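Worksheet for the structure shown next.
Note that the structure is a prediction, hence the values are computed from the model and not measured.
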Amino acid sequence: MYFLQKKFVESGKPVFAICHAPPQLLITAQAINGRKITGWKSIIQDIKNAGATFVDAEVVKDDNIISSRSPADIPAFIKATLKQLNSNE
């Protein structure tokens, strides 16, 4: 069911996830095992159970996945995502 999401992550294309819904989608797609990621505090255990390492930081970059915890992190998240997009040109 989540084949498309997992294949997209595996493609190496940039994946941006903030708050709880996008990381939860990556968890369900089994796409974060062995990765470092952050997200909303209510999904910390879900991230760990999915085999990822939870990092409590504004922005976490692990290869092509850039994640942030909450709307309060949006300025740092935007800066990191723009940097990633500019490096892929």
Hey, any chance [X] and [Y] share a hydrophobic cluster, counting ILVMFWY side chains that come within less than 4.5 Å of each other, even indirectly?
| X | Y | answer |
| --- | --- | --- |
| F16 | L82 | yes |
| I37 | L25 | no |
| V9 | I47 | yes |
| L85 | V59 | yes |
| V55 | I18 | no |

### Task
Output all residues satisfying side-chain hydrogen bond (donor to acceptor under 3.5 Å, both in side chains) with D62, sequence neighbours left out; order by chain, then residue number.
R35
Under a 3.5 Å distance rule, please check whether [X] uses its side chain to pair with a backbone N or O of [Y] as donor and acceptor.
| X | Y | answer |
| --- | --- | --- |
| K61 | D63 | yes |
| N86 | K83 | no |
| S68 | E58 | yes |

Roughly how far, to the nearest 0.5 Å, is [atom2] of [Y] from [atom1] of [X]?
| X | Y | atom1 | atom2 | value |
| --- | --- | --- | --- | --- |
| K41 | R69 | NZ | CZ | 10.5 Å |
| N49 | I44 | CG | CD1 | 12.0 Å |
| D46 | W40 | CG | CH2 | 14.5 Å |

### Task
Check the pair F54 / T38 against side chain to side chain contact (heavy atoms under 4.5 Å, CB included), numbers first and verdict last.
CA-CA 5 Å; F54 175 80; T38 194; 3.5 Å; yes
### Query
Which one of L26, I66, I32 satisfies the side-chain contact (heavy atoms from CB on, under 4.5 Å) criterion with V15?
L26
